[in-house]
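Sequence lines set the chain letters: A, B, ... in the order given, protein chains first and strands last, and positions in each chain run from 1.
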There are 2 protein chains.
Amino acid sequence: MTSQAPIKVSRQEPLACSHEFSANCSDCRLNSICLPFSLESRDIEELDRIIQRGRPLQKGGHLYRQGDDFGSVYAVRSGTLKAYRMTDDGREQVTGFYFPGEIVGMDGISQSRHASSARALETSAVCEIPFSSLEKLSASMPQLQRHFFQLMSREITEDQQLITLLSKSSADARIAALLLSISMRNARRRLSATQFRLSMSRVDIGNYLGLTVETVSRVFTRLQKSEIVDVSNREIRILDEAALRQLTSGE
Amino acid sequence: MTSQAPIKVSRQEPLACSHEFSANCSDCRLNSICLPFSLESRDIEELDRIIQRGRPLQKGGHLYRQGDDFGSVYAVRSGTLKAYRMTDDGREQVTGFYFPGEIVGMDGISQSRHASSARALETSAVCEIPFSSLEKLSASMPQLQRHFFQLMSREITEDQQLITLLSKSSADARIAALLLSISMRNARRRLSATQFRLSMSRVDIGNYLGLTVETVSRVFTRLQKSEIVDVSNREIRILDEAALRQLTSGE
DNA sequence: GCCGTTTGTTGATGCAGGTCAAGTCTGCCG
DNA sequence: CGGCAGACTTGACCTGCATCAACAAACGGC
């Protein structure tokens, strides 16, 4: 609600160097992760034409809400988003975190309405990809069609990994897996795999991993004490990746 | 292993009336659930041509295994399949059950190898749909492309429902949700929504819902005692659907 | 720099569901 | 029909995480 106030642009925090991504796909730093991957340059230009680059999303702002009409999927350009859905009894289940280069919103396709909400965890920017245009384009660009099938399939396998994590692993293993996942995704974007700042709160982490805040907090202090990870607030430094990896498969 | 013996056809148990599905999509009883839904009859014929109808799969037989090269997705014609993956530490996580009309194998698209294994819980038959043909056909049939995007998206939202279930719900709620899900899917196929036989073992149910066999068993006896469900071995009769529904949202 | 609010930490206690250990039932095969 | 293996149930006990409660630290607005 509070975040719905008319956009106030003044004193906006510096958006992580704007040269990191550009106004078109061809020279976007993220294009090896995102949609255009493996397209011919002529095709990229066509894709470029359908993509809409919106104004930055404020921290806490919604990209879309559960139940909204589905029209587009979104590529994250900067910042972080979380996707979440409401359970029948009104609690929140975080279904994923989305970093630059990743695509969010694909769960809306089946019902023509969004099955989850997406909100920015920090000031973020996205590329909006109207789905109907994407469909049309896919029909004439086999590479694009395949790539999009693959993205959706990846989402499925990732959800299944989370399912496994939730159904089989201890609190320690879950946190370890999350840290490693973030680390890997950072590496893919050529950021540090060992040192980063969590953009999500402990509550969000708990909500994602099926744990309470208290447990999340306790696990972090435990990791700190055993010198596997250096934790200071949201600042994380992985000290012993091997140990972390061992934790994920139950000690 | 044992199920890999050369196919022995003699004394095969009667395959639930073979007239229920046919050798082509146009008059298949399941076509409103399955792929051809919403296609022109001319298009259905084309789709028909790429589909391969294999011989029945024996109980316990594998349709594909985790790590196999990915080539096709499969529509279940009769019987039930379970999909499962091995965790790093060698335990099994069931990721889904698949009933007639449903599509299995879509998680293999992203890596070109199957991310899970699929095996028959009872004698089953499937239609094999070679993915490369499906891709080609999709390019010229917008309806088909859309339908397949929707199927994948549905798989995502269903996985997310399972995630929510695993991370937020009690054992009772999980079992209740599974029973209701099976009931709903039966109804869609015009079978009884209140009375059915579970094709999966208690172990499988536990593995799917993140519970031990013992807990699954206890929940069933509890449901029996409170006269919400009548359980006799794998035979289930839902006595009080409303109560069951209440259970799913935490009493 | 100060103050209220939000976010995170720590401790004490309880319970749902896991684990271990016997059984019992079912269905299958000779 | 009898005997055996796998599937299921039941009970006793234990443990990891939730819950409740109090507090501390960080952040954001003025």
**OP:** Please list, chain by chain and in numerical order, all residues satisfying salt bridge (charged side-chain N to carboxylate O under 4.0 Å, His left out) with R237(A), sequence neighbours excluded.
**Re:**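 Not a single residue meets the salt bridge (charged side-chain N to carboxylate O under 4.0 Å, His left out) criterion with R237(A).
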**OP:** May I ask you to decide if the ring planes of H114(A) and F70(A) are parallel, tilted or perpendicular, using 30° and 60° as cut-offs?
**Re:**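 Rings of H114(A) and F70(A): perpendicular, over 60°.
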Can you measure [X] atom [atom1] to [N] atom [atom2] for me and round it to whole angstrom units?
{"X": "Q224(A)", "N": "dT10(C)", "atom1": "CD", "atom2": "C1'", "value": "15 Å"}
{"X": "E235(B)", "N": "dG27(C)", "atom1": "CD", "atom2": "C1'", "value": "15 Å"}
{"X": "L121(B)", "N": "dG6(D)", "atom1": "CG", "atom2": "C1'", "value": "16 Å"}
{"X": "I175(A)", "N": "dG8(C)", "atom1": "CD1", "atom2": "P", "value": "12 Å"}
{"X": "L198(B)", "N": "dT26(C)", "atom1": "CG", "atom2": "P", "value": "16 Å"}
{"X": "L223(A)", "N": "dT9(C)", "atom1": "CG", "atom2": "P", "value": "12 Å"}

Subject >> Basic-acidic side-chain contact under 4.0 Å: E92(A), K82(A) >> reply: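 Answer for the salt bridge query: yes.
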**OP:** Show the numbers, then the answer: is there a salt bridge (charged side-chain N to carboxylate O under 4.0 Å, His left out) between E235(B) and R197(B)?
**Re:** CA-CA 4 Å; E235(B) 217 60 56; R197(B) 153 168 269 273; 3.3 Å; yes
Scan nucleotides 28-30 of chain C against the protein and return all N/O pairs shorter than 3.5 Å with their distances rounded to 0.1 Å.
none

**OP:** For DNA chain C, list all stems, counting runs of three or more consecutive pairs where every pair is Watson-Crick or G-U wobble with both distances under 3.5 Å.
**Re:**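 Expected stems, ordered by start: C:1-30 with D:1-30.
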Distance-only side-chain donor-acceptor flag, [X] / [Y], under 3.5 Å:
{"X": "S249(B)", "Y": "D89(A)", "answer": "no"}
{"X": "E128(A)", "Y": "S72(A)", "answer": "yes"}
{"X": "S170(B)", "Y": "D172(B)", "answer": "no"}

Subject >> Check: N207(A) main-chain N/O paired with Q93(A) side-chain donor or acceptor under 3.5 Å >> reply: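 Side chain of Q93(A) to backbone of N207(A): a pair is present.
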Original post:
Checking side chain to side chain contact (heavy atoms under 4.5 Å, CB included) against V76(A), which of L63(A), L30(A), L81(A) comes through?
Top reply: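 Among the candidates, only L81(A) passes.
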Could you tabulate the donor-acceptor pairs under 3.5 Å formed by side-chain atoms of residues 225-233 of chain A, not counting sequence neighbours?
from	atom 1	to	atom 2	distance (Å)
S226(A)	OG	R222(A)	O	2.8
S226(A)	OG	L223(A)	O	3.4

**OP:** Do nucleotides 7-18 of chain D as a string where each nucleotide becomes B, S or -: B if the base has a protein heavy atom under 4.0 Å, S if just the sugar-phosphate does, - if no protein is that close.
**Re:** SSBBBB----SS
Can you give me every donor-acceptor pair (side chain of residues 210-219 of chain B, partner residue at least two apart or in another chain, under 3.5 Å) with its distance?
from	atom 1	to	atom 2	distance (Å)
T212(B)	OG1	T215(B)	N	3.4
T212(B)	OG1	T215(B)	OG1	3.0

